[in-house]
There are 2 protein chains.
Amino acid sequence: MDDHADHTRKPRADAVRNRERVLEAAKAVFNAGGPEASLEAVAKRAGVGIGTLYRHFPTREDLFEAVYRREVEQLSELAEHLRGAKDPVEALRRWLQSAVEFVATKKGMLAALALAYQSSSELAAFSMDRLTKAIGSLHGRAVAAGQMRADISPEDLLRAFFGMCYMHDQPGWQSSVLRLLDVFVDGLRLQPAGKARARAKPAKPAVKRKR
Amino acid sequence: MDDHADHTRKPRADAVRNRERVLEAAKAVFNAGGPEASLEAVAKRAGVGIGTLYRHFPTREDLFEAVYRREVEQLSELAEHLRGAKDPVEALRRWLQSAVEFVATKKGMLAALALAYQSSSELAAFSMDRLTKAIGSLHGRAVAAGQMRADISPEDLLRAFFGMCYMHDQPGWQSSVLRLLDVFVDGLRLQPAGKARARAKPAKPAVKRKR
DNA sequence: TTGTTAAGCGGAGGGTGCCTCCGTATCTTC
DNA sequence: GAAGATACGGAGGCACCCTCCGCTTAACAA
């Protein structure tokens, strides 16, 4: 907040609206058509002129970055919501599952993201920070509730998560990761006394059909 | 239905020549201008028509892949040459240094490469194989000469190498990696008897500021 | 309200690069 | 040397990029 304390006009409502629209459209278009998708298509889908798009996001990379940031933020907010859930372990599991989806939609954009990260390490710092906090908060709650071991740091959790997603290209990776996460979360869980928690529970028959 | 086993014509000399020219030009142009560089520029630099370029490499990705393959091959051949060197430890060091250069030129193309790897795991397999063999052969010679410890696999070597290059973005990474490699190669070296090889050599102050 | 004005909007248009297509040139084979 | 097969070049049509500017509209002051 750099208050130019003196008199900054309120930003125009239409500008705010259009910016949001463009972001929404960009998310859809890029997810569908990859990072090469036409910016003109984005503008059209957003229902704004191409000039408007360029004013808000002078380069394709700016647009990428904004879209990505927004999604990270949404993931962060999801964690906020899930904090209210009854079962904190389940909440963590849910969040991780959403994060897998998030990674999945980034599939085709990996390359673009790599570039963005390279040119703006601030972006990397920002997202790491947000995600670490999100995962840490959920984990913290589960620990506080005495349902999860405490000797794992949020950073470790995040690293484990990304590590699991690293297999990325293999077909069916997504369901594989979901399975691994189940195992992982179970592993984090503090068993109520010596009760050896029947892992038999046939872990949801194939969370997702592969394709 | 290929194998017209009978009678395949010899490929035309000019076609072979042009293909090679295009590859050479592409390497230069991409290294200079990144993976977005204009294919027309490549054709011009190669001194061929744009049509010729497209006939040999129907898509930009095909061209990328071919350039990359070629460089891997050259690295592999370099290892071949270095096998003849007198000092096998030095030979390994040299090769690693060249490999750093190789990675350096790929800097801007990382994203493109990631894509290529994704769409053709054969490419990944090929290059891993070649590089592993190259590094393994040099290492093997040094081991055979009794100058290097033998309990490290070529895969480990390669992994260590890539790991070191992972820091990529930080400024000055290249010299940092070269320094690390020096240390590493020294570590691999079998000391001639108990002679504790003065590591005192004041390892350059501050490999890297933390941030 | 109404008037003023900065902020924002749209999209035409000039430029660049992509890729196809085909008449021409060159090479291999017999 | 002749006959094909093969490869060549680059014109041309198209898609997309991005800038520029006259018009519109929202915010603020009176």
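Quick note on labels: first sequence line is chain A, next is B, and so on, each numbered from 1.
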Check your understanding: Looking at the side chain of B/Asn18, which of D/dC8, D/dA5, C/dA6 is the nearest nucleotide?
Key -> D/dC8
Exercise for review: Grab the CZ-C1' distance between A/Arg9 and C/dT5 for me, whole Å please.
Suggested key: 7 Å
Practice item. State which of D/dC8, C/dG10, D/dA27 makes the closest approach to the side chain of A/Ala13. Key: D/dA27
Practice item. Encode nucleotides 12-25 of chain C as B, S and - characters from 5' to 3', where the letter depends on protein heavy atoms closer than 4.0 Å: B to the base, S only to sugar-phosphate, - to neither. Key: B----BBBB-----
**Study point:** Separation of atom CZ in A/Arg17 from atom P in C/dG10, rounded to whole Å
**Key:** 10 Å
Check your understanding: To the nearest Å, how far apart are A/His56 NE2 and C/dG8 P?
Key -> 7 Å
Exercise for review: Compute the ring centroids of A/Phe184 and A/Phe161, then answer whether they are less than 6.0 Å apart.
Suggested key: no
**Study point:** Distance, rounded to the nearest Å, where B/Arg21 contributes CZ and D/dA7 contributes P
**Key:** 16 Å
Review point. Passes salt bridge (Lys or Arg N to Asp or Glu O under 4.0 Å), B/Arg69 versus B/Glu65? Steps please.
Key: CA-CA 6 Å; B/Arg69 269 199 150 80; B/Glu65 186 172 328; 2.5 Å; yes
Check your understanding: Which angle, to the nearest 10 degrees, lies between the helix axes at the two ends of the helix from C/dT1-D/dA30 to C/dC30-D/dG1, each defined by five pairs?
Key -> 20°
Practice item. Take the protein atom NZ of B/Lys44 and the nucleotide atom P of D/dG9, then report the distance between them rounded to whole Å. Key: 14 Å
Check your understanding: Over how many whole Å does the gap from B/Asp14 atom CG to C/dT26 atom P extend?
Key -> 9 Å
Check your understanding: Roughly how far apart are B/Glu20 CD and B/Leu23 CG, rounded to 0.5 Å?
Key -> 5.5 Å
Exercise for review: Let me know the distance between CZ of B/Phe57 and P of D/dA7, rounded to the nearest Å.
Suggested key: 13 Å
